[in-house]
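Quick note: residue numbers are just sequence positions, from 1. In each ligand, atom 1 is the first atom listed, and ligand 1 is the first ligand listed. Values reported hereafter were calculated over all heavy atoms of this structure, with side chains retained and with hydrogens, waters and symmetry mates removed.
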Amino acid sequence: MGTWIVNGKMMDPQSKQWMKAHILMEEGKIAQIVEGESKPNTEGHEVIEADGLLVSAGFIDMHVHFREPGFEYKETIATGTRSAAKGGFTTVAVMPNTRPVTGSVETVQYVLDKAKQEGIVKVLPYASITVNELGRELTDFEALAEAGAIGFTDDGVGVQNAQMMKDAMNRAQRLNKPIIAHCEDDSLVKGAAVTEGEFARQHGLKGIPNESEAIHVGRDVLLAEATGVHYHVCHVSTEQSVRLIRQAKQVGVRVTAEVCPHHLLLSDEDIPGMDGNWKMNPPLRTPRDVEAMIEAIEDGTIDMIVTDHAPHSEEEKAKGMELAPFGIVGLETAFPLLYTKFVETGRWTLDFLLEKMTKAPAKVFGLPSGELKVGSPADITLVDLSAEKLVDPKAFLSKGKNTPFTGWSLKGWPVKTIVDGKVVWSE
Ligand SMILES: NC(=O)N[C@@H](CC(=O)O)C(=O)O
Ligand SMILES: [Zn+2]
Ligand SMILES: [Zn+2]
């Protein structure tokens with residue numbers, strides 16, 4: 001027995017037309033797609049009624065922090081995957097800045113086991129580039145890849161030493177795994193909490209300069225060119241980084257990049273005050289950078305959208321702009337935010353937004369999901385595009401309530417999330 005999702009709205013991949021469609025899921029896979037008004041014979045199968053709903057491939061987020069092991073008070077794999085499911089995500093890639101850092105076979109195994117036992121969406125682990133993300137010594141890439149790490153990253157900190165990064169790229173290249181880089185030159189940051197710009201000036205704060213990110217991007221695209229590795233840039237936030245990635249792509253460097261909803265939607269000039277919920281790394285940049293991010297995703301310089309879901313406790317975030325840890329949650333607001341602010345406003349098509357959250361990440365990271373087609377995993381998200389709600393952190397399934405979007409009125413809320421043909425979350 002399978003399950004039919006009937007009467008949903010889906011885009012025909014060939015004609016690029018929106019149409020009514022019915023999808024049969026069997027044994028975890030998409031078994032059949034029938035287009036048109038007339039409902040297929042569903043006898044002997046379960047039926048999910050999707051009348052009036054968008055049917056999309058499940059969203060994929062290649063950058064989240066689930067804090068397990070070590071910081072379970074901020075988030076666990078159980079709560080993080082529930083937050084993901086509520087946000088319409090069926091696959092997430094988890095960052096290794098846990099405690100211990102996910103830089104050993106045992107820790108990768110621990111994350112995979114936890115995900116299997118307690119997770120409700122697919123969890124792909126990254127392993128760290130250096131031991132404990134200290135930048136001193138490379139981890140055992142071969143063993144980590146063997147254990148299931150899908151790529152290597154020291155996210156949370158930049159790899160400061162160029163030779164270390166080059167060695168890492170050579171090792172990853174030989175294993176055909178990507179290097180995922182948090183780009184930040186520590187010598188240019190030194191304790192600042194916000195970007196160099198209007199907000200910092202008005203509050204007499206030291207700022208994080210754009211170059212602290214772009215210097216690493218520039219260095220690394222040259223190293224990627226030299227080593228031939230697939231190099232992926234985390235949470236791009238500056239105009240200068242975009243310029244360097246664009247140029248590197250033009251000359252054929254294997255570079256890909258991601259951007260977060262907050263860097264597409266907010267600038268430092270939107271920060272209301274010294275509230276820790278507006279603090280994240282990279283920081284909100286200037287309006288000019290925000291426009292550069294939008295143009296970069298539009299012209300393909302940036303490949304995909306990720307949330308960088310970074311939960312922290314309310315206590316930690318209450319310490320204010322200067323003392324709170326960096327990071328905001330993102331899984332439960334990403335789609336409604338982008339749908340409301342880019343699709344409803346007419347700047348993007350719905351198809352464009354969905355592509356950046358499904359097919360694009362799947363293609364870049366070689367995942368089997370990301371498209372609604374026969375034979376693909378039945379990872380599917382149903383969205384009510386007309387539902388309108390206020391962002392309410394109290395309703396989040398994430399332990400993290402740290403968002404700058406509280407109270408925003410948004411449309412386009414996921415209502416049902418399906419992984420391998422099974423409903424894992426339902427409104
Ligand atoms: N983005 C953040 O502000 N914080 C992340 C680390 C990171 O993504 O660099 C975290 O782990 O909290
Ligand atoms: Zn980072
Ligand atoms: Zn991160």
Side-chain angles (χ1 to χ4, degrees), residues 61-77 80 83-84 92-103 111 124-130 132-133 135 151-160 179-186 189 191-195 208 212-214 216-217 220 231-238 241 257-264 266 268 271 275-285 304-317 319 321-331 334 361 398-404:
D61 188 348
M62 296 307 295
H63 189 148
V64 305
H65 298 268
F66 282 174
R67 310 302 191 195
E68 198 170 1
F71 301 100
E72 288 84 356
Y73 70 95
K74 297 177 196 258
E75 193 81 290
T76 61
I77 289 170
S83 175
V92 294
V94 292
M95 286 298 174
N97 60 339
T98 48
R99 188 177 60 202
V101 166
T102 308
V111 170
L124 308 172
Y126 291 119
S128 65
I129 293 172
T130 67
N132 292 326
E133 294 199 353
F152 298 91
T153 176
D154 273 3
D155 186 48
V157 287
V159 174
Q160 300 304 309
I179 291 283
I180 292 92
H182 170 111
C183 289
E184 182 173 18
D185 185 308
D186 289 348
V189 176
V194 295
T195 201
I208 304 172
S212 70
E213 174 179 288
H216 269 211
V217 175
D220 289 355
Y231 171 71
H232 179 81
V233 189
C234 284
H235 43 48
V236 177
S237 71
T238 74
S241 302
E258 58 182 46
V259 65
C260 305
H262 46 278
H263 292 124
L264 290 163
L266 299 173
D268 68 325
I271 305 174
D275 181 351
N277 286 328
W278 292 72
K279 179 175 181 178
M280 74 294 283
N281 195 10
L284 298 176
R285 301 288 187 180
M304 70 191 71
I305 295 167
V306 303
T307 67
D308 193 8
H309 178 83
H312 294 290
S313 72
E314 271 170 281
E315 217 173 13
E316 289 167 320
K317 279 304 204 181
K319 291 179 181 162
M321 187 60 91
E322 283 177 288
L323 295 176
F326 289 95
I328 61 169
V329 291
L331 287 166
S398 171
K399 288 192 184 183
K401 312 297 173 192
N402 45 315
T403 174

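- Between atom 12 (O) of ligand 1 and the options H63, R67, E184, the minimum heavy-atom separation is to R67.
- At distances below 3.5 Å, at least one donor-acceptor pair connects side-chain atoms of K317 with backbone N or O atoms of P325.
- If you look at H312 next to ligand 1, the close heavy atoms, those under 4.0 Å, all belong to the side chain.
- At least one N, O or S atom of H235 sits under 2.8 Å from the Zn ion (ligand 2).
- Protein heavy atom nearest atom 5 (C) of ligand 1, with residue, atom name and distance: H65 NE2, 3.7 Å.
- Considering just the N/O/S atoms of H63, the one nearest the Zn ion (ligand 3) carries the name NE2.
- The backbone N or O of I77 sits less than 3.5 Å from a side-chain atom of E68, completing a donor-acceptor pair.
- Remark: ligand 1 atoms within the under-4.0 Å shell around heavy atoms of G156 are 6 (C), 7 (C), 9 (O).
- The line from NZ of K399 to OG1 of T76 is 5.0 Å long, rounded to the nearest 0.5 Å.
- Looking only at protein heavy atoms, the nearest one to atom 3 (O) of ligand 1 is N281 N, 2.8 Å.
- Annotation for D308 and H235: closest pair OD2-CD2, 3.2 Å, computed over non-hydrogen atoms.
- The two residues C183 and D220 come nearest to each other via the heavy atoms SG-OD2, 4.2 Å.
- Less than 4.0 angstrom separates some heavy atom of N97 from each of these atoms of ligand 1: 10 (C), 11 (O).
- Proximity to M280 (heavy-atom distance under 4.0 Å) selects the following atoms of ligand 1: 3 (O).
- Taken to the nearest 0.5 Å, the SG atom of C234 stands 10.5 Å off from the CE atom of M62.
- Looking only at distances, no side-chain donor or acceptor of R67 sits under 3.5 Å from a matching main-chain atom of E75.
- Taking distance alone, with nitrogen or oxygen atoms compared against 3.5 Å, G327 approaches ligand 1 more closely than that limit.
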| task | Tell me, with the steps shown, if H63 and D155 meet side-chain hydrogen bond (donor to acceptor under 3.5 Å, both in side chains). | result | CA-CA 9 Å; H63 189 148; D155 186 48; 2.8 Å; yes
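- The shortest heavy-atom contact between T130 and G135 is OG1-N, 2.9 Å.
- Of all atoms in ligand 1, listed by their number and element, those nearer than 4.0 Å to a heavy atom of F326 are 2 (C), 3 (O), 4 (N), 12 (O).
- When each atom of ligand 1 is checked for a heavy atom of H235 under 4.0 Å away, the hits are 8 (O), 9 (O).
- Residues T238 and R285 bring no donor and acceptor atom of their side chains to less than 3.5 Å of each other.
- Neither the backbone nor the side chain of K74 comes within contact range of ligand 1; no heavy atom lies under 4.0 Å.
- Contact annotation: H182 places an N, O or S atom under 2.8 Å from the Zn ion (ligand 2).
- At least one N/O/S atom of D155, whether from backbone or side chain, sits less than 2.8 Å from the Zn ion (ligand 2).
- Contact atoms of ligand 1 toward D155: 7 (C), 8 (O), 9 (O) (distance under 4.0 Å to a heavy atom of the residue).
- When rounded to 10 degrees, the angle formed at the Zn ion (ligand 3) by OD1 (D308) and NE2 (H65) equals 90°.
- With 3.5 Å as the limit, one finds no donor-acceptor pair spanning the side chains of Y73 and E315.
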